[in-house]
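Every value quoted in this text rests on a predicted model; they were computed, and no experiment measured them. Both counts, for ligands and for their atoms, begin at 1 and track the order of listing.
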Amino acid sequence: MDADSKVARVPSSLPMTDAALADAPQVDPHSLVPLLQEVFGYPAFRGHQQAIVEHASAGGDALVLMPTGGGKSLCYQVPAIARHRAGLGVAVIVSPLIALMHDQVGALEEAGVHAAFLNSSQEGDEARQVERELVSGRLVMLYAAPERILTPRFLAMLDSLHERGRLSLFAIDEAHCVSQWGHDFREEYLGLSALHERYAGVPRLALTATADAHTRADIVQRLQLEDAQVFVASFDRPNIRYTIVEKDNARTQLLRFLRDEHEGDAGIVYCQSRKKVEETAAWLAAEGFDALPYHAGLDAALRRRHQDRFLREDGIVMVATIAFGMGIDKPDVRFVAHLDLPKNIEGYYQETGRAGRDGEPADAWMAYGLADVVNQRRMIDEGEAEEDFKRLQRGKLDALLALAEAHDCRRARLLAYFGEDQGDAANDRDRPAGWRSLCCDNCASPPATWDATEAARKALSCIYRFQQHNGLSFGAGHLIDVLRGKATDKTRQHGHETLSTFGIGADVSEAQWRGVLRQLIALGHLRSEGDYGTLALTPTAREVLRGDVQLLLRVATEPQRRGRSSRSGTGKADKPPPLPLDDDGQERFTALKAWRAEVAKAHNLPAYVVFHDATLAEMARSAPQSLDDLAGITGVGAKKLEAYGTEILRLMRPPH
Ligand code: ADP
């Protein structure tokens, strides 16, 4: 009998019998912290982790909304291990990205947890072996993509486990992929509601870092999680510093940012188009950076090679479209730079969130200008989508523009967008010492503002005059020339020098005018149309013309170092000082890193899977002399202690 015919005979719902449920073993909630310490070497849970882990271990459904780096993996890994130890079988982890399963599984195996993945990269024999491990119940966790899980063959294996009470839980990672409103919709995710129908009683955890209300409601409805407990963590990423600069010469600005702040660091530079990705990567490489391109148009093998190098080597700068990043859980990405405007705040938050997962200081840096605003508007306006959807997209873009134009705290604005109003308290809470006032560029050096109400009225009335004069619309460049009274061929050709608005804004600089126009577009009083980005009034422009809308804008500044030029050193002075290592400590750290590189290579895993930098630094600083000392260091679990303890202690001996 083949697997498919078996599936045909299984009823669509396979509830465990009441007796089986009543007899089902229970997890002792007091065993969870010791388990965390033993397996992962961490002293305590963070934030909501403990509540989630207790809830899921006891068999409850949960929806977990937690920012990137918040520690979602442990929320299902700990219950999976606890339930497996209690005899409840294997946990199935649904993950959209096969590329990352390998490293996740590698990290679990390093920690002594028997895990595996099933994906299309495996040869038949290897897949069969994993299937045997799965059906035997020996596996603690199995990672698989949704399309794999929903095959008749796989479902038949799950059926068999379920009948024996050996299906411990489902974790649905990146759960926002089920929502069409989200930015990563994946058709295959829709089929996952079948899990609930078919395996009633098996707890499910849906996890995502995308928090907007619409997407959340979609997840609940489509995965039938109406009865699940919802855990919402703060979306604050205290170790990320936000900076948004006006584009002047974007390349020079980026170069200055990289040279001043991130020499030798790993980071991501996002660009909108494939062409720009390639050009920027080539240019950065010529400037001496280890820069690699990544976009969906590159050959799959090359993409994989670049991704691998980014994950495994130190200091690679990945220049990429947004095709790169989902599921990248490299902890030590020190910066994310945007050379183009993302589509919305969700995208910005998710992309910037890939920085600093390890909790160490990291930068989110973006350069943006009027052309970005115009481009994004045009892409929405000319897209194929329904008008309703376009309206939603415009609203989201506006919110992002407001963030970019903000002259107050960007972090507070980001959090407010996700429904967290923490006022000024958000600024300094939990921020690493030394970074307290470096929450964002605006907090670090508050920008001067000017009252642009009058200027905005002048700009709008000038556009109105163009219309009246000869029924034509013009782009920003020409408008600014007219406002500033600059005679050009075009002003002559259209007779604009005779307009009453010619030269009425000579006292406002060109950069400031651009700021006014960006803001008017961002606020929806002006619309940019067609291939030339001509500007047209919207119905709400009247409110501005009447003087009902007050506009307070940041003064357009010449790009400059962020108020730190008076500090000495490399420009990294604002980072908290690394744990002080004396010369011996530094020597131990270097030796530990070299040892880790060898282990990682031998196991075909990224170095951070063996130990994080912070763990190595702590070893180098405290120079443990016994296995007991070593066990006390965060990140050293029982299995790693057993596997590597003696070798590490040897490295701790003073050289002679
Ligand atoms: P997410 O999936 O939410 O982006 P991860 O699960 O990758 O986040 O966790 C981010 C980092 O934080 C990882 O390096 C992880 O090992 C670490 N981490 C998570 N929980 C804890 C904890 N309780 N104690 C110490 N480190 C933790």
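- For the pair R411 and D236, the salt-bridge criterion is met [side-chain N within less than 4.0 Å of a carboxylate O].
- The distance between the ring centers of H338 and Y368 does not fall below 6.0 angstrom.
- Relative orientation of the H102 and F117 rings is perpendicular, given thresholds of 30° and 60° on the angle between their planes.
- Y270 pairs by the side-chain hydrogen bond (donor to acceptor under 3.5 Å, both in side chains) definition with R354, not counting sequence neighbours.
- Among protein residues, Y42, A44, F45, R46, Q49, P67, T68, G69, G70, G71, K72, S73, L74, R357, H612 come within 4.0 Å of ligand 1, judged on heavy atoms.
- Classification of the Y76-Y143 ring pair by plane angle, with boundaries at 30° and 60°, yields perpendicular.
- Taking the charged nitrogens against the carboxylate oxygens, R410 and D441 do have a contact shorter than 4.0 Å, which makes a salt bridge.
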